[in-house]
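As structure tokens, the structure follows; a few thoughts come after it.
These values consider heavy atoms only, across backbone and side chains, with no hydrogens, waters or symmetry-generated copies. This structure is a prediction, so every number in the text was calculated from the model and none was measured.
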Amino acid sequence: MGWIGEQVESIKSLQFRQVLTQAVSLGMIVTSALIIWKGLMCVTGSESPVVVVLSGSMEPGFKRGDILFLHMSKDPIRAGEIVVFNVDGREIPIVHRVIKVHEHQETGEVDVLTKGDNNFGDDRLLYAHGQLWLNRHHIMGRAVGFLPYVGWVTIIMTEKPIIKYILIGALGLLVITSKE
């Protein structure tokens, strides 16, 4: 009958109470993950405390697939820092280095210009039409640490969604069929 047949028989033999217990357990796992994420957001001050480097624009410092840990403090942003920012009209955040800082003396506000270490020019072509500088509200956080290559899992699942669906299906089947 094979492995799939055994799994189908296993699902048929489950009692309602077992299914309910496993569904509650799965819900608690998902809820715990969301609570941890929200806690990290509060501790780091960043709307996204962890991001994956999606391109080679920051090589050799950060490679595609590296995971960056972000922190956003009240300290002024300075040239040389690596920041993650969102541009109006784009969903995907960008990881680049601050190359120029323009400080407004009267307000104390700071505008920044960024550039990828592996790019030839600054990022003004990436910014929204007519925008020459990034404001503080565009900055999601400063890079404070990284884990090399771990983000490839995210990249592969984004670029090949079938792998994501197979993995989720297999994990779901594993949760449903576990007897404990």
Rounded to the nearest 0.5 Å, how far does CD1 of Ile166 lie from NZ of Lys160? 12.5 Å

Tell me, please, which residues at least two apart from Leu40 pass side-chain contact (heavy atoms from CB on, under 4.5 Å). Ile36, Pro49

Salt bridge (Lys or Arg N to Asp or Glu O under 4.0 Å) partners for Glu81, two or more places apart: Arg142

Connected-component partners of Phe85 among ILVMFWY, side-chain separation under 4.5 Å: Met72, Ile77, Val83, Val87, Ile94, Val98, Ile99, Val101, Val110, Val112, Leu113, Leu126, Tyr127, Leu132, Trp133, Leu134, Ile139

Taking every non-hydrogen atom, the tightest pair across Lys115 and Met58: O-SD, 4.4 Å

Close side-chain approach of Thr44 to Leu70, heavy-atom, < 4.5 Å: no

Do Val95 and Met140 sit in one hydrophobic cluster, given that two such residues count as connected whenever their side-chain heavy atoms are within less than 4.5 Å of each other, even indirectly? yes

I'd like to know if the side chain of Asn135 reaches the main chain of Asp111, judged simply by a donor and an acceptor atom lying under 3.5 Å from each other, with no hydrogens or angles considered. no

Nearest heavy-atom pair of Trp37 and Val50: which atoms, and what distance? CH2-O, 3.9 Å

Applying ring pair (Phe, Tyr, Trp, His ring centres under 6.0 Å) to Phe62 and not counting sequence neighbours gives Phe146

With sequence neighbours excluded, tell me which residues meet side-chain hydrogen bond (donor to acceptor under 3.5 Å, both in side chains) with Arg97. Asp117

Sequence neighbours left out, what passes ring pair (Phe, Tyr, Trp, His ring centres under 6.0 Å) with His104? Give chain and number order. His102

State which residues pass ring pair (Phe, Tyr, Trp, His ring centres under 6.0 Å) with His71; sequence neighbours excluded, sorted by chain then number. none

Transitive ILVMFWY side-chain link Met157 to Leu147, under 4.5 Å: no

Could you see if Ile155 belongs to whatever hydrophobic cluster contains Ile163? Use Ile, Leu, Val, Met, Phe, Trp, Tyr and a side-chain cutoff under 4.5 Å. yes

Joint cluster assignment, Ile92 & Leu125, ILVMFWY side-chain distance < 4.5 Å: no

For the NE2 atom of His137 and the CG atom of Asn86, what is their distance to the nearest 0.5 Å? 10.0 Å

Val53 vs Lys63 side-chain heavy atoms within contact, under 4.5 Å: no

Residues in salt bridge (Lys or Arg N to Asp or Glu O under 4.0 Å) with Arg78, at least two apart? Glu103

Can you check side-chain contact (heavy atoms from CB on, under 4.5 Å) on Asn119 and His96, steps first, answer last? CA-CA 10 Å; Asn119 293 351; His96 281 174; 3.6 Å; yes

If hydrophobic clusters are built by linking Ile, Leu, Val, Met, Phe, Trp and Tyr wherever their side-chain heavy atoms come under 4.5 Å apart, do Phe69 and Met41 end up in the same one? yes

By side-chain hydrogen bond (donor to acceptor under 3.5 Å, both in side chains), Ser55 pairs with (sequence neighbours left out) Ser57

Counterpart residues, salt bridge (Lys or Arg N to Asp or Glu O under 4.0 Å), relative to Arg64 (two or more places apart): Glu159

Residues in side-chain hydrogen bond (donor to acceptor under 3.5 Å, both in side chains) with Asp122, at least two apart? none

Heavy-atom neighbours of Glu91 CD exceed 12 at 6.0 Å: no

Can you tell me which residue pairs pass the salt bridge (Lys or Arg N to Asp or Glu O under 4.0 Å) test with a partner in residues 32-59, sequence neighbours excluded? none

